[in-house]
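Input: a single structure, listed below in structure tokens.
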Amino acid sequence: MSLQQFMNEALSPWMKQDGPDSDIVLSSRIRLARNFSSSPFPLIASDETLEKVLDFFKEEYKGQSFRDYKGFEIVQMNDLEPVEKRVLVEKHLISPHLAEKPKHSAALISENEQVSIMINEEDHIRLQLYFPGFQLDRALEQASQLDDWLEEKINYAFDEKRGYLTACPTNVGTGMRASVMMHLPALSMTQQINRMTPAINQLGLVVRGIYGEGSEALGNIYQISNQITLGKSEQDIVEDLHSVVKQLIDQERRAREALISRSGVQLEDRIFRSYGVLKHSRIIESKEAAKCLSDLRLGIDLKLIDHIPRTILNELMILTQPGFLQQYAKASLNPDERDVRRASLIRERLQLENEE
Amino acid sequence: MECQECHQRKATVHLTQVINGQKTEVHVCEHCAKDKGYMSYGEENFSLSNLLSGLFHSESPSTFKGKQAHTQQQTPQLQCPTCGMTYQEFARIGKFGCGNCYETFDERLNPVLRRVHSGNTTHDGKIPKREGGHLHLKRELDEHKSNLRQLIEQEEFEEAAKVRDKIRTLESQFHEGEDGEQ
């Protein structure tokens, strides 16, 4: 029943709320990697060990609640169809890596989908917590409390010198990856983001597109996260990320203003053309859909279009991924069929807004 | 060039296979490449761990300069007693087998960690509440001690005496805790 909920809605409940700066920052996330001190890491652990870890979580945490995070549900990977796993990956509730590990791996997901604790991924425990908008501090505070809650019953692999011990040396220390998902259409259009990326990298932070391959960021959606996990406190890492994201927000706002004042009509034309494509096309590839959705969202942020909610970008970016399209069609679709399906789904979704 | 599978999109994935001397070329778009299994989900992870293990390998010649023949004989002997992971294996896959591997491979880790974490090798963040109980005390003690040094330098002896008493109480707690653990 709960799995049904995770599968049906593209937008997790928490995504429907606005957060600070949510015209530019879509979400903030904290991920913590933890391991049991007494067991080998999942990569080389025996089936018995993995099963023990999973059983422990089922027994101790299934149906439990912690503060705002209620009704934790266990979703086991070997109970899922491939398309169902894909949907969970597209919603960012599980990692692609977890989806590929059917044996004794699972995710413990809170009802509001804000918390997902992956079990037997690369590490025994990968706890992730999302907040809408720009709320890194709050996410860190709450993630740390969830971490304390787990530690009440778990002996973590921890070393005074190296910190929280993880399977991969890139995660050791805090085991923390803090990240922020940003929509940066103006910085992308003006190519400024490409010039800013090297400078950001030098600060130990990584900028990458979350949709699409290589350097291109589909939908102009970027993820900024920390690379370094050792030798800095969680607060310092988050503070550094915070200050860079703050600057990116300012730059994006400035670039938007400059675009409006220098080429207002052209920008308006681009936005409404994209809106037209989304409203009327019969075949649309994911790349074109992403571009048009980004334009539409910019139009909403600039108040050129006012009857469509902002969340349409997140929602349709997720809804038009291959997994969701096939989940909706209740059939496996080839790429051509997906493009047709994608177009009709977007049309229907926008039609819905016009009626309301 | 159009994709040879769907004949719709541009081919962006180009593969050349040679099987028994027979060469075949595949030109497909990203969609079809994923569908037909030419590209897999996990590829990113794979290349990252490859990259990492490259770091470990490049470590050995510089660290053990001049003793290379020696090193090659020594390497297989370094093995984690808890999980059985050898250093060689660790260097190949770039992943540890268990928490204890960190201690086993300790002396070889610093150069690698330094590269991955911009020069850092020691943890400076959160300490687990329950398990790290005595570490919390230790950190607090360290803070008081540096505070004490500062106060003495500034000749604020009255304040310093208070801090010294605090340190004494904490130290006795700390030792009690250690005894308790044993």
Q. Got B:His123 and A:Asp159 here, is their nearest side-chain heavy-atom distance under 4.5 Å?
A. no
Q. Taking the side chain from A:Gln227 and the backbone from B:His117, do they hold a donor-acceptor pair closer than 3.5 Å?
A. no
Q) Using non-hydrogen atoms only, which part of B:Thr121 is less than 4.5 Å away from chain A: side chain, backbone, both, or neither? A) both
**Q.** For A:Tyr164 against B:Pro128, the heavy-atom pair lying closest together
**A.** OH-N, 3.2 Å
Q. A:Met176, A:Lys161, A:Glu152: which one forms the most heavy-atom pairs within less than 4.5 Å of chain B?
A. A:Lys161
Q) Closest heavy-atom contact between A:Thr166 and B:Tyr102? A) O-OH, 2.7 Å
Q: Flag yes if more than 12 heavy atoms outside A:Ile283 fall under 6.0 Å of its CD1 atom; otherwise flag no.
A: no
Q) Are any side-chain N or O atoms of A:Arg162 and backbone N or O atoms of B:Thr122, one a donor and one an acceptor, separated by less than 3.5 Å? A) no
Q.
Are there over 12 heavy-atom neighbours, none belonging to A:Gln202, within less than 6.0 Å of that residue's CD?
A. no
**Q.** Closest non-hydrogen atom pair between A:Pro40 and B:Cys98, with its separation
**A.** CA-CB, 3.8 Å
Q) Taking the side chain from B:Arg130 and the backbone from A:Asp148, do they hold a donor-acceptor pair closer than 3.5 Å? A) no
Q) In terms of heavy-atom pairs under 4.5 Å, which option from A:Leu165, A:Asn35, A:Asp147 contacts chain B the most? A) A:Leu165
Q) Do B:Lys126 and A:Ser144 meet the criterion of a side-chain donor-acceptor pair at a distance under 3.5 Å? A) yes
Q. Around B:Glu158, counting heavy atoms of other residues, nucleotides and ligands shown, do more than 12 lie under 6.0 Å from its CD?
A. no
Q: Answer whether the closest heavy-atom distance between the side chains of A:Pro169 and B:Leu113 falls below 4.5 Å.
A: yes
Q: Given salt bridge (Lys or Arg N to Asp or Glu O under 4.0 Å), test B:Lys138 with A:Glu160 step by step and report yes or no.
A: CA-CA 11 Å; B:Lys138 201 173 158 196; A:Glu160 188 184 348; 2.7 Å; yes
Q | Gap separating the SG atom of B:Cys83 from the CD1 atom of A:Ile44, nearest 0.5 angstrom | A | 4.0 Å
(Q) Has B:Asn120 got a side-chain atom pairing as donor or acceptor with A:Leu230's backbone, closer than 3.5 angstrom? (A) yes
Q. Side chain, backbone, both or neither: which part of A:Asp236 has a non-hydrogen atom closer than 4.5 Å to chain B?
A. neither
Q: Identify which of A:Thr174, A:Asn334, A:Ile237 forms the greatest number of heavy-atom pairs closer than 4.5 Å to chain B.
A: A:Thr174
Q. Rounded to the nearest 0.5 Å, what separation is found between the CG atom of B:Asn100 and the OG atom of A:Ser38?
A. 12.0 Å
Q: Measure from the side-chain N and O atoms of B:Gln8 to the backbone N and O of A:Asp336, and report whether any donor-acceptor pair falls under 3.5 Å.
A: no
Q) Quick one: of A:Ala167, A:Ser37, A:Ser39, who has the most non-hydrogen atom pairs under 4.5 Å with chain B? A) A:Ala167
Q) So do the side chains of B:Lys95 and A:Glu122 get within less than 4.5 Å of each other, counting heavy atoms only? A) yes
Q.
Quick one, B:Ile93 and A:Leu43 - any side-chain contact, counting heavy atoms below 4.5 Å?
A. yes
Q: Compare every heavy atom of B:Phe96 with every heavy atom of A:Phe41, then report the nearest pair and how far apart it is.
A: CD1-O, 3.3 Å
Q | Contact class of A:Asn155 relative to chain B, heavy atoms under 4.5 angstrom | A | both
Q | Part of B:Asp106 within contact of chain A (heavy atom distance under 4.5 Å) | A | both
Q) Is it the backbone or the side chain of A:Lys101 that comes under 4.5 Å from a heavy atom of chain B, or both, or neither? A) neither
Q) Can you tell me how far the CG atom of A:Leu203 sits from the OG atom of B:Ser118, to the nearest 0.5 Å? A) 9.5 Å
**Q.** Choice from B:Lys129, B:Glu103, B:Met85 maximising heavy atom contacts with chain A below 4.5 Å
**A.** B:Lys129
